Number of protein chains: 2
Amino acid sequence: MLDPTTLESVSRLFKVLAEPTRLDLLQHLNRGPLTVSELLDATGQKQANVSKQLGLLFTAGLVSRERDGNLVRYAIADPMVFDLCELVCGKLRSDAERQLASLPRRARAKRG
Amino acid sequence: MLDPTTLESVSRLFKVLAEPTRLDLLQHLNRGPLTVSELLDATGQKQANVSKQLGLLFTAGLVSRERDGNLVRYAIADPMVFDLCELVCGKLRSDAERQLASLPRRARAKRG
DNA sequence: TGACAATATTGCTATTTGGTGATATAGTCA
DNA sequence: TGACTATATCACCAAATAGCAATATTGTCA
């Protein structure tokens, strides 16, 4: 049983992961460290927003950053993120399968 | 690499977990199924709010429910939740330890 | 120094949502 | 049927925040 303070901390971490844009940034960084500009290209988001979301990920301790001249290179600081996503994706898959299985046969096939 | 739709689904699930009240409900249910009234007592929240948050957990497929006469009994539908929380708690612990280790010796001891 | 490029920050708006009181719904018991 | 209990829903408000345009900051290069 977790006390209220810990529940707050746990929920704060989940909140950081509860945004598609930030998940997208993380999954690009999963290939390896990237600069902000590279993440702009990769995600198609505006500069201000990418910078802001990276700041949140950094504050949460999920990514690290390092200046390289004029650039700033971000990297995954805690690979735990991907274990989490793995679990969630697994649930999504099994939910989808369950729903598929509950459909009548006739409704299932798409074309053949 | 997850497509935008999947990122959306993943983030939606994280969002459900990103609230202390809902985490509290889940951890009480982890002991076993409970009625709404029992959850009212356990959490100290108002009835309308508990009902609302349970509804969200139900929609997300994290809990199941079952009428029992006048009562409605909720139960954990997907124990994956606790694997997730375990990972997050582990990170919180290691972050705390890292921060502790980075403090100067003098500042560490509380009283002796 | 000045011109330029990369990143961060600020001020803002629109949207979302947790919590609430009031009310509706569904079930029990007489 | 009516009185009562348990749960759900409604309408609302206040707080949080994603995204944006504009601007500030920090670094490079001449």
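Quick caveat: nothing in here was measured; it's all calculated off a predicted structure. Proteins come first, then strands; the chains are lettered A, B, ... in the order of their sequence lines, and each starts at number 1.
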* Could you check how far CZ of Arg67(A) sits from P of dA6(C), rounded to whole Å? => 12 Å

* Considering just the side-chain nitrogens and oxygens of Arg65(A), establish if one lies under 4.0 Å of OP1 or OP2 belonging to dA8(C). => yes

* Asked: Base, sugar-phosphate, or nothing for Arg22(B), non-hydrogen atoms under 4.0 angstrom?
  -> sugar-phosphate

* Asked: Under 4.0 Å between a side-chain N or O of Tyr74(A) and OP1 or OP2 of dA6(C)?
  -> no

* Does any N or O in the side chain of Thr43(B) come within less than 3.5 Å of the main-chain N or O of Leu39(B), such that one atom is a donor and the other an acceptor? -> yes

* Asked: Quick one: on DNA chain D, does Lys52(A) or Leu54(B) contact a more 5' nucleotide (nearest heavy atom)?
  -> Leu54(B)

* Asked: So, the side chain of Arg22(A) versus the backbone of Leu17(A): is there a donor-acceptor pair under 3.5 Å, distance only?
  -> no

* Asked: Between Thr21(B) and dG19(C), does any side-chain N or O lie under 4.0 Å from OP1 or OP2?
  -> yes

* Distance in angstrom units between Leu7(A) CG and dG18(C) P, rounded -> 15 Å

* Asked: Under 4.0 Å: is that the gap between some side-chain N or O of Ser37(B) and OP1 or OP2 of dT5(D)?
  -> no

* To do: Assess whether one donor atom and one acceptor atom, taken from the side chain of Gln47(A) and the base of dA6(C), lie less than 3.5 Å apart.
  => no

* Structure fact -> Regarding the side chain of Lys46(B), the nearest nucleotide among dT20(C), dG19(D), dA6(C) is dT20(C)

* When we call it a touch if two heavy atoms are under 4.0 Å apart, what does Leu40(B) touch: a base, just sugar-phosphate, or nothing? -> nothing

* Using distance alone, with no hydrogens and no angle criterion, decide if Gln99(B) and Asp95(B) have a side-chain donor and acceptor under 3.5 Å apart. => no

* Asked: Of the nucleotides dT17(D), dG18(C), dG19(D), which one has an atom closest to the side chain of Glu19(B)?
  -> dG18(C)

* Asked: OP1 or OP2 of dG19(C) less than 4.0 angstrom from a side-chain nitrogen or oxygen of Gln53(B), does that happen here?
  -> yes

* Asked: Can you tell me if the side-chain N/O atoms of Asn70(A) get under 4.0 Å from OP1 or OP2 in dG27(D)?
  -> no

* N/O donor-acceptor pair under 3.5 Å between Thr59(B) side chain and Gly55(B) backbone -> yes

* To do: Give the rounded distance in Å between these two atoms: CG of Leu39(A) and C1' of dA6(C).
  => 13 Å

* Nearest to the side chain of Val72(B), which nucleotide is it out of dT7(D), dA6(C), dA8(C)? -> dT7(D)

* Asked: Which is it for Asp24(A) and Thr21(A) under the side chain to side chain donor-acceptor pair (under 3.5 Å) test, yes or no, and what are the steps along the way?
  -> CA-CA 5 Å; Asp24(A) 196 23; Thr21(A) 301; over 6 Å; no

* To do: For the side chain of Ser51(A), starting at C-beta, report the closest nucleotide among dG19(D), dT9(C), dA8(D).
  => dT9(C)

* Rounded distance (Å) that lies between atom P of dT15(C) and atom NZ of Lys15(B) -> 15 Å

* To do: Measure from CG on Asp68(A) to C1' on dT28(D) and round the result to the nearest Å.
  => 12 Å

* Rounded to the nearest angstrom, tell me the gap between atom CG in Leu71(B) and atom C1' in dA8(D). => 14 Å

* Just how far, in rounded Å, is P of dT7(D) from CG of Leu25(B)? -> 13 Å

* Calculate the interatomic distance between Arg12(B) atom CZ and dT17(C) atom C1'; express it in whole Å. => 15 Å

* Taking the six-membered ring of Tyr74(B), is NZ or CZ of Arg65(B) closer than 6.0 Å to its centre and within 45° of its axis? -> no

* To do: When you get a sec, tell me which of dT7(C), dG18(C), dC20(D) is the closest nucleotide to the side chain of Asn49(B)?
  => dG18(C)

* Select one nucleotide: of dG18(C), dA21(D), dT17(C), the one nearest the side-chain heavy atoms of Leu56(B). => dG18(C)

